[in-house]
There are 2 protein chains.
Amino acid sequence: MNTSLSIKQVEKISKALGDPYRLKIMKIVSNSESCVQCCDVSAEFNLAQSTMSHHIKQLIDADLLIADKEGRNLKFVVNKEVCTAYADYINSLVL
Amino acid sequence: MNTSLSIKQVEKISKALGDPYRLKIMKIVSNSESCVQCCDVSAEFNLAQSTMSHHIKQLIDADLLIADKEGRNLKFVVNKEVCTAYADYINSLVL
DNA sequence: TAAAAATATCGAAATATTTAGATATTTAAA
DNA sequence: TTTAAATATCTAAATATTTCGATATTTTTA
């Protein structure tokens, strides 16, 4: 595998992670055994539904989450490949 | 060692890395053998001096760079411990 | 000590992000 | 087949970030 990210992707991912709600979403998805859906995540926050939708969209757009629409639900998991590639990029700053 | 970051620190670091100029600064500092100083970095960009100063301040505030004032120059190196801890945090999202 | 060099700070404009409410869409259930 | 549930989209306000120019500070050099 060993995906390597463009600098633009690194920027987008960093931006996506630069928000407390989105970091918490990542943690919730990461901690769960199976797929998670919007409404599960939303329940943990005191934010409008449209706001949650917006945050989740940013994580998906940054390829940090992989989403799969099942019926009227949106399920997602952490994109391990991209997370690992991002961590690799950060580590490459340390020689 | 094994520094571990608070969620607030992770957010701050992510935010600091969510900008093309700041990512480029990190790369320049990372790629250089020894310490780098503001004026060296600034020369690479087409930005006002005050803007550069602001960007560098954000990287220092996020503990991504360690700065050392030498006379009228500000020299810095990558904070390896924090970068590694941040990469570890990202990797911890991938179970 | 006056001038120059390197950096920092302040104020303000331009731009981007966050958030909520209203509404739309899509699918499942009654 | 109407209703409810889950999510998405749009608009607009509130807030935050980026950027610059002007000026201040600190240190070195002439």
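Order of the sequence lines sets the chain letters (A, B, ...), proteins ahead of strands, with each chain counted from 1.
Within the nucleic acid shown, B/Q58 comes within 4.0 Å of sugar-phosphate atoms alone, with no base atom in reach, counting heavy atoms only. Residue B/Q49 is in base contact, counting any heavy-atom pair closer than 4.0 Å across all strands shown. Counting any heavy atom pair closer than 4.0 Å across all strands shown, A/H54 reaches a base atom. At the heavy-atom level, B/Y21 lies under 4.0 Å from the strands shown only through sugar-phosphate atoms. Heavy atoms of B/L47 sit under 4.0 angstrom from primed sugar atoms or phosphate atoms, though from no base atom.
Between A/R72 and D/dA8 there is no side-chain polar atom (N or O) within less than 4.0 angstrom of OP1 or OP2. Dashed line: the shortest gap from a side-chain N or O of A/H55 to OP1 or OP2 of C/dT17 is not under 4.0 Å. When the side-chain nitrogen and oxygen atoms of B/S53 are compared with OP1 and OP2 of C/dT7, none of them lie within a distance under 4.0 Å.
When the P atom of C/dA5 is taken as reference, atom CG of B/N73 falls 13 Å away, rounded to whole Å. Atom pair A/I56:CD1 and C/dT19:C1' shows a separation of 15 Å (rounding to whole Å applied). Put simply, CD1 on A/I25 is 13 Å from C1' on C/dT18, counting in whole angstrom units. For A/D61 and C/dT17, the CG to P distance is 12 Å, given to the nearest whole Å. Atom pair A/K12:NZ and C/dT17:P shows a separation of 11 Å (rounding to whole Å applied). Rounding to whole angstrom units, NZ of residue A/K69 and P of D/dA5 are separated by 16 Å. One can place CE of A/M52 at 10 Å from P of D/dA8, the figure rounded to the nearest angstrom. The distance between atom NZ of A/K15 and atom P of D/dA16, rounded to the nearest whole Å, is 17 Å.
Taken to the nearest 0.5 Å, the CD1 atom of A/I90 stands 14.0 Å off from the OH atom of B/Y89. For the atom pair OG of A/S92 and CG of A/L5, the computed distance is 10.0 Å after rounding to the nearest 0.5 Å. Note: A/C39 SG to A/M52 CE = 10.0 Å, rounded to the nearest 0.5 Å.
Comparing D/dT18, D/dT9, D/dT19 by their nearest atom to the side chain of B/T51 picks out D/dT19. Closest approach to the B/D19 side chain among C/dA6, D/dT19, D/dC20 is made by D/dT19 (side chain taken as heavy atoms from C-beta onward). Nearest nucleotide to the side chain of B/R22, out of C/dA20, C/dT7, D/dT18: D/dT18.
Between the side chain of B/D19 and the backbone N or O of B/Y21, at least one donor-acceptor pair lies under 3.5 Å. B/S53 contributes no side-chain N or O that, together with a main-chain N or O of B/S50, makes up a donor-acceptor pair within less than 3.5 Å.
Comparing A/G71 and A/G18 by the nucleotide of DNA chain C that holds the closest heavy atom to each, the one mapping nearer the 5' end is A/G18.
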